[in-house]
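What follows is a set of notes on a single structure, which appears directly below.
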There are 2 protein chains.
Amino acid sequence: MDDRLLLLGLLRQSEMHGYQLYEFIERNLTTCTNLKKPSAYFLLSKMEAEGLVEVQETRTGNRPPRKVYRLTPEGERLFWQSLEENLAQFIPTVFVGDVGLAFLDQLPSQRALDLLQRRQAAMQMYLAKLEALPPHRGSAALLIQHQIHHVRSELAWLASLIADLQSASQSAALDEKGLKALENTRSKSNPK
Amino acid sequence: MDDRLLLLGLLRQSEMHGYQLYEFIERNLTTCTNLKKPSAYFLLSKMEAEGLVEVQETRTGNRPPRKVYRLTPEGERLFWQSLEENLAQFIPTVFVGDVGLAFLDQLPSQRALDLLQRRQAAMQMYLAKLEALPPHRGSAALLIQHQIHHVRSELAWLASLIADLQSASQSAALDEKGLKALENTRSKSNPK
DNA sequence: TATTGAATAGTCAATTTTGAATATTCTGAA
DNA sequence: TTCAGAATATTCAAAATTGACTATTCAATA
C-alpha cells in the first residue's frame with residue numbers, strides 16, 4: 001500500500017512515465033522503499049486497471065511508445081486517504097542484521113568482535129555518504145535527516161554492544177565463562 | 001539469504017518441523033524478519049532440494065505426516081558463512097513510514113500535526129509493550145534491547161519534528177509562509 | 001564517420017510471497 | 001458424550017517481485 005501512496009504522491013505533483021518515476025525514487029527515495037523497476041511498472045498498470053491513474057501513450061520517433069501516467073480524481077482520493085493512514089500509524093522496524101546477532105553467542109568472542117567492528121566500519125561509511133550528500137530540496141531533506149539520525153543511533157548502540165562484548169571477553173579470560181557473562185550484563189542495564 | 005540463516009541457525013540448535021520453526025520465529029524473532037508461514041515451508045523444501053537440510057517424515061496416528069528437518073554438514077557450512085557475512089555487513093534501514101513524511105508539506109500543518117501525534121501515540125504503545133515483555137533468554141534479549149533502543153530514538157526524532165512543525169505553524173500564523181519555513185529550519189540544524 | 005558505452009525505457013519468465021483454505025487433534029464447557 | 005472453538009500442521013492458487021534481457025537514443029572519441 002505504501003508503494004502505491006508513493007506513486008500516487010509523485011504523479012500528483014506531475015504526470016510522468018514509468019521510468020521517470022522509477023528514476024526519481026531510486027535517486028531520492030531509497031530510504032523509504034525498495035521498489036524495483038519491474039515492480040513499479042507492475043504497480044502502475046495495476047493502478048490503471050483500478051482507475052487510480054490514466055495513461056496517455058505518446059510516441060516519439062520510432063521509439064517504443066511511452067506511457068505517461070496522470071492521477072484520476074479516484075487516485076487523488078486514495079492519495080489523501082493513504083497519506084493520512086501512513087502518517088497516523090507506526091510500523092515497527094525489522095532489522096535483518098539482527099538475524100546474525102541472534103546467533104552471536106555461537107561464535108568465539110574474538111571473532112564476533114572482529115565481525116561487528118567490520119559492521120561498524122560499514123555503518124560509518126554509509127553515514128559519511130549521507131552527510132556528504134548535496135543538500136536535497138523539500139521533504140527529501142527530511143528523509144535524509146531521519147536516516148542520519150537513525151544511523152547515528154544505531155552506531156551508538158553497536159558501540160555499546162561492542163564495548164560490553166569486549167569487557168565480557170576480558171573477564172572471560174579470567175573466569176573462563178565466555179559469552180554467558182554478556183547476556184546478564186546487558187539484559188539488566190536498561191537506562192531510561 | 002537472511003531468512004535461510006535464521007532457519008539454519010534454529011535447526012542447528014535442534015531439529016524441528018516447519019510449524020515449530022514458524023512458531024518460534026513468530027514468538028521470539030519478529031524484530032528481525034517478516035517470514036510468514038508459507039514462506040517458511042517454501043524455504044525449507046528449497047533448502048532440502050539444495051542439500052542444506054535433511055527431512056525425516058514422522059507419522060503420528062493418522063495425522064498428515066510431519067516433516068522434521070535437521071541440518072546437513074553442507075547446511076552447517078552455509079550457516080557459518082552466512083552468519084559471518086550477516087554480522088560483517090550493514091544493510092540500511094528502509095522506513096516505509098517515511099513515504100508519508102515525503103508528502104507532509106501537502107497537508108495543512110494542523111492536520112499534519114494531528115496525524116503525527118497519533119503516530120507518536122502508536123509508537124509509545126509499542127514501546128510500552130516491548131518494555132513490559134517478560135525477560136527473554138539468551139540473544140533474544142539482545143534483539144529486544146535493540147528494538148527498544150531504536151524506538152526510543154525514533155520517538156526522540158519524531159518529537160523534534162513535531163516541535164519544529166509546531167513552531168513553524170506558529171510563525172506561519174504571523175508571516176503567512178506556512179510549511180516552507182520548516183524545511184529551512186530542519187535542514188540547517190545538523191547537531192553532531 | 002563509425003564505434004563504443006552510457007543513459008533511457010520497458011518487458012518477461014522464473015522465483016518468491018501471500019491470503020485463504022484444509023485437515024487433524026486437543027480442551028473444556030454444556 | 002458431544003460440540004465448539006483453539007491449537008497444530010501443511011498446502012495451494014493467486015499475486016507480487018526479481019534478475020536478466022531487449023531495444024532505442026545519445027555523447028564522445030577514435
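Below, chain A is the first sequence line, B the second, and so on; all start at residue 1.
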#### Entry: ILVMFWY clustering at 4.5 Å (side-chain atoms), partners of B:M125
none

### Query
Any ion pair linking A:R119 and A:E154 (charged N to carboxylate O, less than 4.0 Å)?
no

### Task
Whole angstrom is fine here: how far is it from CG in A:D2 over to P in D:dT17?
11 Å

### Task
Please name all residues satisfying side chain to side chain contact (heavy atoms under 4.5 Å, CB included) with A:Y41, sequence neighbours left out, ordered by chain then number.
A:Y19, A:K37

### Task
Mind calculating the distance between CD (A:E50) and P (D:dA15) to the nearest angstrom?
12 Å

### Whole-Å distance separating the CG atom of A:L7 from the P atom of D:dT17
11 Å

### Task
With sequence neighbours excluded, tell me which residues meet ring pair (Phe, Tyr, Trp, His ring centres under 6.0 Å) with B:F103.
A:F79

So which protein N/O to nucleotides 12-19 of chain C N/O distances come out below 3.5 Å?
unit_1 : atom_1 : unit_2 : atom_2 : d
C:dT16 : OP1    : B:K46  : NZ     : 3.2
C:dT16 : OP2    : B:K46  : NZ     : 3.4

### Task
In whole angstrom, give the distance that lies between atom CE of B:M1 and atom C1' of D:dT18.
16 Å

### Query
What is the distance, rounded to the nearest whole Å, between atom CD of A:E26 and atom P of C:dA9?
15 Å

### Summary
Under a side-chain separation threshold of 4.5 Å, the hydrophobic residues clustered together with A:V68 are none

### Message
Using the side-chain hydrogen bond (donor to acceptor under 3.5 Å, both in side chains) criterion, which residues pair with A:Q81? Sequence neighbours excluded.
### Response
none

### Message
Measure CD/B:E48 against C1'/D:dT10 and give the value in whole Å, please.
### Response
15 Å

### Summary
Here the distance between atom P of D:dC21 and atom OH of A:Y41, to the nearest Å, is 18 Å

### Task
Using the salt bridge (Lys or Arg N to Asp or Glu O under 4.0 Å) rule, collect all pairs that involve residues 13-25 of chain A, keeping only residues at least two apart or in two chains.
A:E15-A:R70, A:E23-A:R27

### Task
Taking only heavy atoms on the protein side, list every residue of residues 11-24 of chain A lying under 4.0 Å from any atom of DNA chain D, sorted numerically.
none

### Query
Rounded to whole angstroms, how far apart are NZ on A:K67 and C1' on C:dT8?
17 Å

#### Entry: With sequence neighbours excluded, residues passing ring pair (Phe, Tyr, Trp, His ring centres under 6.0 Å) with B:Y126
A:F90

### Query
Partners of B:D3 by side chain to side chain contact (heavy atoms under 4.5 Å, CB included), sequence neighbours excluded?
B:T33, B:L35, B:L43

#### Entry: Angle between terminal axes - the helix from C:dT1-D:dA30 to C:dA30-D:dT1, 5 pairs each end, rounded to 10°
10°

### Query
Considering residues at least two apart in sequence or located in another chain, which fulfil the ring pair (Phe, Tyr, Trp, His ring centres under 6.0 Å) criterion with A:H17?
none

### Query
Would A:H146 and A:T31 count as having a side-chain donor-acceptor pair, cut-off 3.5 Å?
no

